[in-house]
Amino acid sequence: MSVSDAPAPPRTARKARTGAGPLLRVLQVLLLPVLLILGWWAGSASSGSFYMPTPAVIAGTFGDVWFGERILTDALPSIGRLLSGFALGAAIGVGLGVVLGLSAPLRAFSEPVLEFFRAIPPPVLVPLLMLLIGVNTPMKLAVIVSGCVWPILLNTIEGVRAVDPVLTDTCRCYGIRGRRRLTTLVLRSASPQIMAGLRQGLSIAIILMVISEMFASNSGLGYAVVEFQRSFAIPEMWTGIVLLGLLGVVLSLLFGLVERRVLAWYHGLRAVTRDG
Amino acid sequence: MLDVTGLQKIYRGKERDVEAVRDLTFRLAEGELACLVGPSGCGKTTLLKCIAGLMEPTSGTVRLAGRDVTGPPPDMAVVFQEYGRSLFPWLTVRGNVELPLKEKKLPKERRAALVAESLEAVGLADAAGAYPWQLSGGMQQRVAIARAIAYEPRVLLMDEPFAAVDAQTRADLEDLIRTLWHRFSMTVLFVTHDIDEAVYLGQRVLVLSSSPTVIQDDVAVDLPDERDQLTTRADPRFTELRGRVYAEIQNAKRGTAAATTD
Ligand SMILES: Nc1ncnc2c1ncn2[C@@H]1O[C@H](COP(=O)(O)OP(=O)(O)O)[C@@H](O)[C@H]1O
Ligand SMILES: [Mg+2]
């Protein structure tokens, strides 16, 4: 390479950013998944293990298993419970979080108890809730709520506490109180933390949705995976795992869309303060 | 109109108490534009918050139009020192200006008219749809002023509003304040640490001593009502008044009483 070649790399890099941009992006997103699938393929094909079917077998089974009755008996009920449990957890977490965030005495009063309950791993509640509520939908919702409520609650408390005192004074000075204060001051200024809490809560809710169905249940994605495993329907079991993974990805993408709308001001503000 | 009597404020701390304001007594007449000048940390913000009903004085009283101020009075607007942080970043400029009017339960058309009028008055008619963080510091300051004016207050309090903007913007904003004061006939209390600004803007300059704070002097500004950045500041009387305020602040530091000569 001659010395005059030296400035070449930046030029190609610039070209990649403009001309080949979208293509490169697609490549970036797909490269690792493709490599992983290929690696798995090579591994499963060469080992010939009964428990490790090749991606082709799993893909072939996927349609048979899920594009039929099971979508109604297992997938949709699971998703329904997941979303209702998450919504319930969000309502409780944000509601209680606002109350506790606004009141220092209440916070001091409830803090030790909250710390204790937060420290209990939610799956351990499943046997207890089964005894108390029975093996039914309310029990499953209770399990989901008991886990996903904590990050939402704690983040909301922090967000509400961190409301800028200058904005608080502004509201007092212009007589903004009650509901309008709650919606335009408190909730909006805590919304970055609330969204962070909701995101964590959502992943926990997915985990607990599966766990609540694994113990004693007769429907749901978690139940289906366990059933397939017990009856040695190994490719079917794998399709359940893949479906759960896909569900997680889709929910996270949807959440990202909502977040981008709700927090547009926040990202704009942050971009400006970073540059300025 | 506004009566401050024997105002004292002591911040109670864990280790020590801070007496921010010792004993302030003054009165503003209806429609007056008074400037309050004093060194940093002498308690200007503290005094303003007590007047605005955002803070309770340790002793003394604030009365507005014959009523004791115990909480924020409904016909008073404040432009805070931290104006950037006083705007809601999730609301547009229009939303920020309109918010207090919604709370006042004004009908929609009236709100729209007030928002348009006040934004036009501060020269931001085009920025109504922007978010505050998309604007420069001087523009944000004008949004805060527009919000205060749209509220149609009888009393407007401003806390060092121009401390953080560049000299040219500052001159423009000073003239804007005089214009708005004429146009909307409010009582204005303008806090600054800048002696020139105080003399240029006010009909009257209240000089605060450094802590423990008392009123060091009360200077009537007998400059013509029509003020101009070039001619007013070149006026020998302006220089004289500025010199007097300056001397009073120096006296305050040394702890001598107010000069009696004019
Ligand atoms: N919340 C507070 N707690 C304790 N001390 C305070 C508080 N706010 C202001 N002070 C003190 O009171 C004095 C006056 O402050 P301030 O009113 O902000 O002055 P200025 O606005 O004139 O700069 C300062 O010494 C400051 O440190
Ligand atoms: Mg101050």
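Residue numbers start from 1 in every chain, and the chains themselves are labelled A, B, ... in the order their sequence lines are given, proteins ahead of strands.
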Greatest number of heavy atom pairs closer than 4.5 Å to chain A - which of P153(B), P132(B), A144(B), P72(B):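 The option with the most such pairs is P72(B).
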Spatial distance of atom [atom1] ([X]) from atom [atom2] ([Y]) [nearest 0.5 Å]:
| X | Y | atom1 | atom2 | result |
| --- | --- | --- | --- | --- |
| L221(A) | L76(A) | CG | CG | 9.0 Å |
| I71(A) | L243(A) | CD1 | CG | 8.0 Å |
| M55(B) | L48(B) | CE | CG | 10.5 Å |

Test side chain to side chain contact (heavy atoms under 4.5 Å, CB included) applied to L208(B) and V21(B), step by step: CA-CA 10 Å; L208(B) 295 188; V21(B) 170; over 6 Å; no
Side chain / backbone / both / neither for [X] at chain A, heavy atoms under 4.5 Å:
| X | value |
| --- | --- |
| L157(B) | neither |
| P89(B) | both |
| A52(B) | neither |

Heavy-atom contact with chain B under 4.5 Å, split by part of L185(A):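 Both parts, backbone and side chain.
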So which N and O atoms of chain A and chain B form donor-acceptor pairs under 3.5 Å?
from    : atom 1 : to      : atom 2 : distance (Å)
D164(A) : OD1    : R85(B)  : NE     : 3.4
D164(A) : OD1    : R85(B)  : NH2    : 2.9
D164(A) : OD2    : R85(B)  : NE     : 2.8
R172(A) : NH1    : L54(B)  : O      : 3.1
R172(A) : NH2    : G53(B)  : O      : 3.2
R180(A) : NH1    : E103(B) : OE1    : 3.1
T184(A) : O      : W90(B)  : NE1    : 2.7

Worked verdict on V79(B) versus L156(B) for side chain to side chain contact (heavy atoms under 4.5 Å, CB included): CA-CA 8 Å; V79(B) 175; L156(B) 174 61; 4.2 Å; yes
Best-contacting candidate, G178(A), P165(A), A264(A), G175(A), against chain B by heavy atom pairs under 4.5 angstrom: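 Answer, by heavy-atom pair count under 4.5 Å with chain B: G175(A).
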Within residues 105-116 of chain A or reaching into it, pairs that qualify as side-chain hydrogen bond (donor to acceptor under 3.5 Å, both in side chains) - sequence neighbours excluded: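 Residue pairs with at least one partner in residues 105-116 of chain A: E115(A)-R118(A).
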Side chain proximity check, C148(A) to L202(A), heavy atoms < 4.5 angstrom: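 The answer is no; the side chains never approach within 4.5 Å.
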Atom CZ of F117(A) with >12 non-hydrogen neighbours under 6.0 angstrom: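 Check fails, neighbour count at 12 or below.
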Distance-only donor-acceptor pairs under 3.5 Å for side chains of residues 82-104 of chain A, two or more places apart:
from    : atom 1 : to      : atom 2 : distance (Å)
S84(A)  : OG     : G80(A)  : O      : 2.4
S103(A) : OG     : L106(A) : N      : 3.1

Interface residues of residues 250-257 of chain A facing chain B - heavy atom cut-off under 4.5 Å: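 Within residues 250-257 of chain A, no residue comes under 4.5 Å of chain B, counting heavy atoms only.
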Looking at every non-hydrogen atom in both residues, tell me the closest pair between [X] and [Y] and how far apart they are.
| X | Y | value |
| --- | --- | --- |
| L114(B) | A150(B) | CD1-O, 3.7 Å |
| I133(A) | A142(A) | CD1-CB, 3.9 Å |
| P73(B) | L64(B) | CB-CD2, 3.7 Å |

